[in-house]
Student: 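Shown below is the structure under consideration.
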Protein chains: 2
Amino acid sequence: MVTMADVARRANVSLSTVSYALNSTRPVAVDTRERVFSAMAELGYHRNAAARSLAARKSHVVALIFPAVEIGIGSTIGEFVASAAATARERGYHLVLWPLRADESADMVELARQGQADGVLLMEVTLEDARVAALRDAGIPVTLIGRTREPEGLSYVDIDFECTAAEAVAHLAGLGHEHIGFVNHSVRTQEAGYGPTVRMSADLATSAAAHGVRLVQTLCEETPVAGRAAVHDLLAADSELTAIITMNEMATFGVTAELAQLGRRIPEDVSVLAVVTSPGVVASTVPPLTVLLSPGAELGRLGTHCLIDQIEATVPVPRPVLVPCGLAAGGSTAPVRPH
Amino acid sequence: MVTMADVARRANVSLSTVSYALNSTRPVAVDTRERVFSAMAELGYHRNAAARSLAARKSHVVALIFPAVEIGIGSTIGEFVASAAATARERGYHLVLWPLRADESADMVELARQGQADGVLLMEVTLEDARVAALRDAGIPVTLIGRTREPEGLSYVDIDFECTAAEAVAHLAGLGHEHIGFVNHSVRTQEAGYGPTVRMSADLATSAAAHGVRLVQTLCEETPVAGRAAVHDLLAADSELTAIITMNEMATFGVTAELAQLGRRIPEDVSVLAVVTSPGVVASTVPPLTVLLSPGAELGRLGTHCLIDQIEATVPVPRPVLVPCGLAAGGSTAPVRPH
DNA sequence: TTGAAAGCGTTACCAG
DNA sequence: CTGGTAACGCTTTCAA
């Protein structure tokens with residue numbers, strides 16, 4: 001193995017000069033620098049990562065706490081991960097995956113204490129997430145994807161549910177709908193304090209009130225069968241329903257199927273709008289669904305930047321970011337039919 | 001920071017004994033061992049990862065070359081990644097993501113040479129994949145997810161396309177179908193030498209011949225619109241078609257939609273069988289699709305084991321594994337109608 | 001602008 | 001069964 005000492009010898013400089021040339025952490029004369037670099041090229045030098053980490057007390061690694069179970073079928077998580085990995089790489093970091101459940105926060109802290117990562121990206125954050133305190137107490141830099149109930153002082157990026165809810169209701173209200181149903185995630189996720197479930201419910205209610213439209217909601221398991229049942233729940237709660245908002249990809253399949261079976265055409269009889277969704281569900285119906293797309297890649301990019309900023313900053317400065325879902329117009333929403 | 005020296009002092013043993021106790025790399029008296037461990041607990045010791053890697057010349061990290069673009073919408077890749085990360089963890093390794101395109105094999109080798117990872121898991125392998133040679137020449141342990149045209153002597157795990165194709169044809173032939181269509185991935189993937197596209201095409205043809213059924217094939221872009229067109233391509237090629245096999249998730253949406261629009265019911269008029277697919281597409285139709293599920297999690301687990309076996313073996317012993325797709329019966333296939 | 005040298009916290013060899 | 005100690009290859013302080 002070629003070391004810095006070898007390079008130094010070859011370039012007729014000291015070992016430390018090689019290091020400084022490589023890291024630009026101290027000015028080095030141009031010709032010296034050149035000699036160093038050609039020596040490295042000639043020798044085929046590769047800087048040893050472990051030695052660097054040991055000496056610098058820095059791993060140049062960020063960890064992503066990877067959710068054990070995915071809600072839904074979509075590619076959102078994949079997009080998020082790919083974009084986080086790419087962003088980390090751009091900034092000279094590596095992304096490692098720690099597949100830890102929410103109750104394994106001790107393991108998480110242990111790994112960080114071993115210096116396996118300089119900071120942590122926490123996904124699937126719940127409203128009362130015990131992991132956040134565990135990390136904070138351990139002094140480990142962390143950025144949340146999502147946020148707790150009281151996220152003040154924390155670094156996080158999340159979907160702007162308020163804005164997304166407002167857009168969803170505005171879109172439908174603008175088409176004349178005054179009776180809207182909402183198919184949410186499951187009771188389980190609500191009880192777990194899963195942010196999207198809780199926030200979207202509240203924010204849609206607020207927006208609906210502001211537009212003077214009636215909103216009926218139902219929680220729904222993540223299966224098509226449950227989605228079918230949800231349609232009946234909503235119709236029972238409001239027989240004048242003309243539009244349905246869904247935030248549950250598997251259930252959405254059931255919703256559209258059940259509407260078809262009931263002879264209610266989309267969008268002529270009922271408008272359907274899927275929110276916080278991945279691009280894959282768009283194509284699941286004919287016409288394609290109108291959706292508000294989950295900004296997976298954007299969250300991955302922003303979250304990673306936030307975390308690395310925090311790691312590299314001398315003073316930890318949380319910088320929260322909220323990203324709204326973007327509308328992708330399909331053909332599943334239309335003006336309400338006069339009757 | 002608490003070091004081994006601190007622990008040694010506290011336990012009244014030498015530093016090396018602490019190391020040996022921790023790694024069980026040399027017998028240690030039971031009581032000594034206990035003293036060491038309680039000292040570690042009392043002091044809150046955490047073994048430093050960088051120092052360990054440096055001294056042992058081993059990172060305990062495996063890298064996953066993460067595909068830049070996903071084909072399809074499914075959760076297969078997510079399942080694969082999650083399962084690979086979990087398996088790595090079970091074996092004392094970490095999984096890092098290297099989001100590198102196929103033409104960035106130089107970067108891949110460079111990272112490995114820096115000691116950032118002990119081995120590499122290569123996804124989306126094509127028939128003539130230049131990265132494989134690059135890694136082999138550099139002496140870097142690698143396991144392919146997929147395989148090249150001539151995979152002899154390489155370590156790989158892949159879908160057993162031959163077996164999967166045989167099962168697909170046997171399933172439909174068993175229902176009496178004698179005119180079957182196949183909607184493959186796009187021309188682009190075929191030209192890139194993407195394994196599934198090329199192998200499934202050949203293996204389905206072989207199986208069809210063996211069963212004496214007529215098979216017509218078409219390559220298809222990964223969009224629902226293209227899937228709709230594919231239906232017409234196939235019908236034009238064989239007007240007596242009674243069954244369609246699809247291996248293209250987005251196209252599958254179009255296929256089912258177009259059949260519905262043509263007034264051809266599934267499965268009464270046409271059977272549809274989606275192969276090498278993720279669970280998400282199952283629910284995309286009513287009745288749910290019959291599918292052959294892509295064994296994403298299984299491949300992640302097996303691939304990671306293969307790689308780590310290879311890393312830890314004194315002699316590199318490739319151990320190829322092929323996994324067939326499992327049938328998940330839905331309601332989209334039925335006996336061919338007598339006419 | 002450069003050099004010398006002291007760590008960084010382990011692992012693993014050589015002795016006992 | 002245990003101890004001493006030389007690497008491991010780099011970063012960074014102190015000195016010139």
Side-chain angles (χ1 to χ4, degrees), chain A residues 1-37 39-40 43-61 92 110-118 312 314, chain B residues 1-37 39-40 43-61 92 110-116 118 311-312 314:
Chain A
M1 167 171 265
V2 184
T3 72
M4 276 192 175
D6 299 322
V7 175
R9 211 160 9 245
R10 172 108 183 188
N12 268 314
V13 295
S14 74
L15 191 161
S16 55
T17 297
V18 175
S19 174
Y20 288 122
L22 199 52
N23 298 301
S24 338
T25 176
R26 182 172 94 173
V28 171
V30 178
D31 56 331
T32 313
R33 213 187 109 84
E34 274 175 8
R35 251 182 309 138
V36 168
F37 276 92
M40 295 198 311
L43 265 37
Y45 169 78
H46 302 277
R47 170 232 253 111
N48 182 291
R52 186 158 99 107
S53 295
L54 176 58
R57 290 170 196 73
K58 188 161 183 217
S59 65
H60 289 276
V61 167
E110 169 65 16
L111 287 170
R113 283 231 167 93
Q114 294 178 355
Q116 301 274 16
D118 299 328
E312 295 186 342
T314 43
Chain B
M1 165 171 267
V2 184
T3 72
M4 276 193 176
D6 299 321
V7 174
R9 213 165 1 250
R10 174 107 183 190
N12 268 312
V13 294
S14 75
L15 191 161
S16 55
T17 296
V18 175
S19 174
Y20 290 122
L22 199 52
N23 297 300
S24 336
T25 176
R26 184 171 95 171
V28 170
V30 179
D31 58 330
T32 314
R33 214 186 108 83
E34 275 174 8
R35 250 184 309 140
V36 168
F37 276 92
M40 294 197 312
L43 265 38
Y45 167 78
H46 302 277
R47 174 231 254 107
N48 182 291
R52 187 158 103 105
S53 295
L54 177 58
R57 288 169 197 74
K58 184 155 186 225
S59 64
H60 288 276
V61 166
E110 169 66 17
L111 288 170
R113 283 233 166 90
Q114 293 177 354
Q116 300 275 15
D118 298 329
I311 289 169
E312 295 186 341
T314 43

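The chains referred to below are lettered A, B, ... by the order of the sequence lines, with proteins before strands, and numbering in each begins at 1.
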Student: Starting at CG of A:D6 and ending at C1' of D:dC8, how long is that distance when rounded to a whole Å?
Tutor: 13 Å
Student: Just how far, in rounded Å, is C1' of C:dG7 from CE of B:M1?
Tutor: 14 Å
Student: Just by distance, do the side chain of B:D118 and the backbone of B:S59 share a donor-acceptor pair under 3.5 Å?
Tutor: yes
Student: Look at the side-chain N and O atoms of A:T17 and state whether any lies under 4.0 Å from the OP1 or OP2 oxygen of C:dT2.
Tutor: no
Student: What nucleotide among C:dT2, D:dC1, C:dG9 has an atom nearest to a side-chain atom of A:T32?
Tutor: C:dT2
Student: In whole Å, what is the span from the CZ atom of A:R113 to the P atom of C:dG9?
Tutor: 15 Å
Student: Given atom CG of B:N48 and atom P of C:dG7, what is their separation to the nearest angstrom?
Tutor: 17 Å
Student: In whole angstrom, what separates A:L22's CG from D:dG9's P?
Tutor: 16 Å
Student: Among A:V7, A:T32, A:V28, find the one that has a side-chain contact (heavy atoms from CB on, under 4.5 Å) with A:V13.
Tutor: A:T32
Student: Side chain of A:L54 only, please: which of C:dC8, C:dT10, D:dT2 is the nearest?
Tutor: C:dC8
Student: For a quick test of reading the model: is some side-chain N or O of B:N23 closer than 4.0 Å to OP1 or OP2 of C:dT11?
Tutor: yes
Student: Between the side-chain atoms of A:Y20 and the base atoms of D:dT13, is any donor-acceptor pair under 3.5 Å?
Tutor: yes
Student: Output yes when at least one side-chain N/O atom of B:S14 is less than 4.0 Å from OP1 or OP2 of D:dG3, else no.
Tutor: yes
Student: For A:G44 and A:V2, work out which heavy atoms get closest and say how close.
Tutor: O-CG2, 4.0 Å
Student: Once you apply a heavy-atom cut-off of 4.0 Å, does B:R26 come out as touching a base, just sugar-phosphate, or nothing?
Tutor: base
Student: Tell me which nucleotide among D:dG4, C:dG3, C:dT10 gets nearest to the side chain of B:Y45.
Tutor: C:dT10
Student: Compare the minimum distances between each of C:dT1, D:dG9, D:dT11 and the side chain of A:A29, then state the nucleotide with the smallest one.
Tutor: C:dT1
Student: Taking the side chain as every heavy atom from C-beta outward, state whether A:N23 and A:R47 have any pair of such atoms under 4.5 Å apart.
Tutor: yes
Student: Roughly how many Å is it from CE in B:M4 to C1' in D:dA6, rounded to a whole number?
Tutor: 16 Å
Student: Rounded to whole Å, please give me the gap between CZ in A:R57 and C1' in C:dG9.
Tutor: 10 Å
Student: Between atom CG in A:L15 and atom C1' in D:dG9, what is the gap in whole Å?
Tutor: 8 Å
Student: Counting distance only, does the side-chain N/O of A:R57 pair as donor-acceptor with the main-chain N or O of A:A55 below 3.5 Å?
Tutor: yes
Student: Taking any heavy-atom pair under 4.0 Å as a contact, classify B:S53: base, sugar-phosphate, or nothing.
Tutor: nothing
Student: Looking at D:dT11, I'd like to know if its phosphate oxygens (OP1 or OP2) sit under 4.0 Å from a side-chain N or O belonging to A:S16.
Tutor: no
Student: If you pin B:D31 and A:T3 to their nearest nucleotides in DNA chain D, which one's is more 5'?
Tutor: B:D31
Student: Given C:dT2, C:dT1, D:dG9, which nucleotide is nearest the side-chain atoms of A:P27?
Tutor: C:dT1
Student: Are any of B:S19's side-chain N or O atoms less than 4.0 Å away from OP1 or OP2 of C:dT11?
Tutor: yes
Student: Quick one: on DNA chain C, does B:A51 or A:V30 contact a more 5' nucleotide (nearest heavy atom)?
Tutor: A:V30
Student: Indicate yes or no: at least one non-hydrogen side-chain atom of A:V36 is less than 4.5 angstrom from one of A:R33.
Tutor: no
